[in-house]
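One structure is given here, and the rest of the page talks about it.
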Amino acid sequence: MKKVEAIIKPFKLDEVKEALNEIGIQGITVSEVKGFGRQKGHTELYRGAEYVVDFIPKIKMEIIIGDDLVSKVIETIEHAAKTGRIGDGKIFVTNVEEVVRIRTGERGQDAI
């Protein structure tokens, strides 16, 4: 099993969620996060004072899937989240040792 984490632009959330739904992905965890990469921050003017916004709002999606779906999920997220501009985000894939469904006690692939 794998955990796919995607950091995307907030306005792309619905588009990515619908694209994942179309390929049969049902369980997604979404968090509002802030961060920066190459995009760095930017300067804003507020009531005549300039200040630096270091952290840019992003959406973090977490999806646990079987090994067989990894490439399809990555391709789907990449296609749906892409704008072609800096700050489109990143996708991380890590191994998942165990999954347990609390309600039923199911484990592993059955618990996804």
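Put simply, Ile56 and Val16 are part of two different groups of oily side chains (I, L, V, M, F, W, Y) that touch within less than 4.5 Å, one to the next.
Residues passing the salt bridge (charged side-chain N to carboxylate O under 4.0 Å, His left out) test with Glu98 are Arg107, sequence neighbours excluded. Residues passing the side chain to side chain donor-acceptor pair (under 3.5 Å) test with Glu106 are Arg101, Thr104, sequence neighbours excluded. Listed by chain and residue number, nothing satisfies the salt bridge (charged side-chain N to carboxylate O under 4.0 Å, His left out) test with Lys2 (two or more places apart in sequence, or in another chain).
Taking Ile, Leu, Val, Met, Phe, Trp and Tyr as hydrophobic and joining them when side-chain heavy atoms fall under 4.5 Å apart, one finds Val33 isolated, its cluster having no other members. Listed by chain and number, the hydrophobic cluster partners of Phe92 are Ile7, where partners are ILVMFWY side chains within reach of under 4.5 Å, directly or through others.
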Run the side-chain donor-acceptor check on residues 18-32: report pairs under 3.5 Å with partners two or more places apart or on a different chain.
none

Under 3.5 Å donor-acceptor pairs involving side-chain atoms of residues 62-72, not counting sequence neighbours:
unit_1, atom_1, unit_2, atom_2, d
Glu62, OE2, Lys3, NZ, 2.9
Asp67, OD1, Met1, N, 3.2

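Using a 4.5 Å cut-off on side-chain heavy atoms (C-beta onward), Leu13 and Met61 make contact.
Taken to the nearest 0.5 Å, the CD1 atom of Ile77 stands 10.5 Å off from the CD atom of Glu5.
Residue pairs that meet the side chain to side chain donor-acceptor pair (under 3.5 Å) test with at least one member in residues 73-84, sequence neighbours left out, are Thr83-Asp88.
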